[in-house]
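To keep things clear, I will list the structure first and then write my remarks on it.
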Amino acid sequence: MKFRGGYNIRFQGKPGGLLKDILLPEVLYLPLESGSFNFSALCATHGQDVGLGDVLAKDPDNHDIPLLSPTNGKVNLEAAPGHITLEDLSDDSSKSYTYHDELEHIHKKMGSAGLKRYKLLNLGAWEFVKEAYTGQIPNPLSTPQAVIVSTFRLEPFLIRGDVLLKEHLRQFTRGLEHLQSLLAYQPIYLAFPKIKSNFAAKIKEQIRGYAWVKLIEVPLKYPYDSFEIISRHIGLRHSTGSIWGVNVEGVLAIDMALTNSKPCLERAISVAGPGALMSVNLRLPTGYPLSKIKNEYGLQNSIAIDGGVLTGRLLTDDIKGVPTDCRGITFVPEQLGREFLGWLRPGFGRQSYSDCFLSSLCSHFPERLTNAVKGELRPCVSCGFCEDACPAGIMPHQLHKLIYQDDIDAVEKFRIDLCVECGLCSFVCPSKIELMQQFREMKQTILKEKEIAAAEAAKEAALESATEAE
Ligand code: SF4
Ligand code: SF4
């Protein structure tokens, strides 16, 4: 498949290439639920003293991915509902984490590769490995047909992949070696932006000797950093086996776990957006209080989003700390009332895909991006912008109409399954229809219906074979 569609939104206020370390706060709030995880199996008790890397809870629906303690402290299960609160924090290294190898049965079944994967799971590195087509966490003991490592990130306001890569190039290449040691003969594709720079040349030089790494050059256009889009481009099909996707942070976590036997307890996130006082990249422990980030970096009357501006989820006030899968916090000004004399500024201060605003006459300028829709909510005007921008080659406007008609069979025929949920269709739509949200929900509905149908078919088959046996 050739790359098609895609669009780079010309927002200003993206974070630069520097990473700032943040000191340990007085208290950490570790959310038990996040976009990807539900740590419902508690392992720590109220009042317990825990050490760096101790398991606080596990996600039973996600291969028991652990929620690890980012530091030494005392567990408080009552301070904030839905969180494990850690108090009396200290990063005293005398209590540093040690890993104990065990699990004879895994060693017998899968040898040293099996033990390594189990170690990655226990040390919090496995949560960075994703199924390319579904975004789910793969079974640590499964075997993929290929692995895609992405070195860049393109969604507006998220931390760029090269920020970590520049600081840890040696660890990154060592992490790639570890990744290869988990596989038998399956290839690793290293997705790399099609750019000419000294740094790009340096990376290519570093991996020159790795015959098992195949370099894939990808245009720097959103959302070509999507594992699903890259898989389709390479010709790797979901139906022929699992494909793992790992980003730079994941490769570094793998290196940390397998070289140093250390858990991955910090996150590198961006704090940016049009509602941010300044745009920065921060390295901080998971559970870092969101109130501190909001007070320090967010403008008053801004809403905070967990993730990028196109696909992120709203961080409501009941979420107290940085979630374990957080990639960035994007601030967007909240416009509560009508804009004063807004009609005098028809499209000034707003970048547009369609070049229909007067702003298209200007070059780059700070976007007046807010959460207000400014009266655009209206039916589809069949402009075709969504189809033009869609990287999956489907027709979002047609799908929208079919969903409105509740014609699920036709929705499937128009290949809603190919949607990678990049959010570009919603962004470019001049009618501000929540297309991506509709597709996300419809995909879930179809999946559930298929699961119910499969369960009923299995039940009927079991009944039939029981009757035959009688
Ligand atoms: S239909 Fe899906 S893949 Fe296409 S632009 Fe919309 S969200 Fe992205
Ligand atoms: S961009 Fe919006 S208005 Fe235009 S065709 Fe797509 S759904 Fe319709």
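Both counts, for ligands and for their atoms, begin at 1 and track the order of listing. Count residues from 1 along the sequence.
- The aromatic rings of His238 and Tyr133 lie parallel to each other, with less than 30° between the two planes, well short of the 60° mark.
- Nearest protein neighbour of atom 5 (S) of ligand 1, counting heavy atoms only, is Cys425 N, 3.4 Å.
- The Gly423 neighbourhood of ligand 1 comprises atoms 7 (S), 8 (Fe), with distances under 4.0 Å to a heavy atom of that residue.
- No donor-acceptor distance shorter than 3.5 angstrom exists from the side chain of Arg283 to the backbone of Ala268, with no hydrogens or angles considered.
- Taking 2.8 Å as the criterion, Cys419 does not count as a coordinating residue of atom 8 (Fe) of ligand 1, since none of its N, O or S atoms falls below it.
- Atoms of ligand 1 lying under 4.0 Å from any heavy atom of Phe439, numbered from 1 in the order shown and given with element: 1 (S).
- The protein atom (non-hydrogen) at minimum distance from atom 8 (Fe) of ligand 1 is Cys422 SG, 2.4 Å.
- Ligand 1 has Pro391 within reach: a non-hydrogen atom of the residue lies less than 4.0 Å from it.
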Under 3.5 Å, sequence neighbours excluded: what are the donor-acceptor pairs made by side chains of residues 380-396?
| from | atom 1 | to | atom 2 | distance (Å) |
| --- | --- | --- | --- | --- |
| Glu387 | OE1 | His397 | NE2 | 2.7 |
| Asp388 | OD2 | Tyr353 | OH | 2.5 |

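- Remark: the backbone N or O of Val322 is not paired with any side-chain donor or acceptor of Arg267 at under 3.5 angstrom.
- Taking every heavy atom of Cys390 and a limit of under 4.0 angstrom, the matching atoms of ligand 1 come to 1 (S), 3 (S), 4 (Fe), 5 (S).
- Using bins of under 30°, 30° to 60° and over 60° for the plane-to-plane angle, the ring pair Phe3/His233 lands in the parallel bin.
- Looking at residues two or more places apart in sequence or on another chain, you find a side chain to side chain contact (heavy atoms under 4.5 Å, CB included) between Cys429 and Ser431, Ile433, Leu435.
- The nearest pair of heavy atoms linking Gln171 to Leu252 is CB-CD2, 3.8 Å.
- Judged by distance alone, the side chain of Asn62 and the main-chain N or O of Asp64 form no donor-acceptor pair under 3.5 Å.
- Glu155 meets the salt bridge (charged side-chain N to carboxylate O under 4.0 Å, His left out) test with no other residue; sequence neighbours excluded.
- Protein N/O/S atoms closer than 2.8 Å to atom 8 (Fe) of ligand 2, listed by chain and residue number, are Cys380 SG.
- Atom CG in Leu190 sits 10.5 Å away from atom CD1 in Ile148 (nearest 0.5 Å).
- When only non-hydrogen protein atoms are considered, atom 3 (S) of ligand 1 lies nearest to Val420 N, 3.3 Å.
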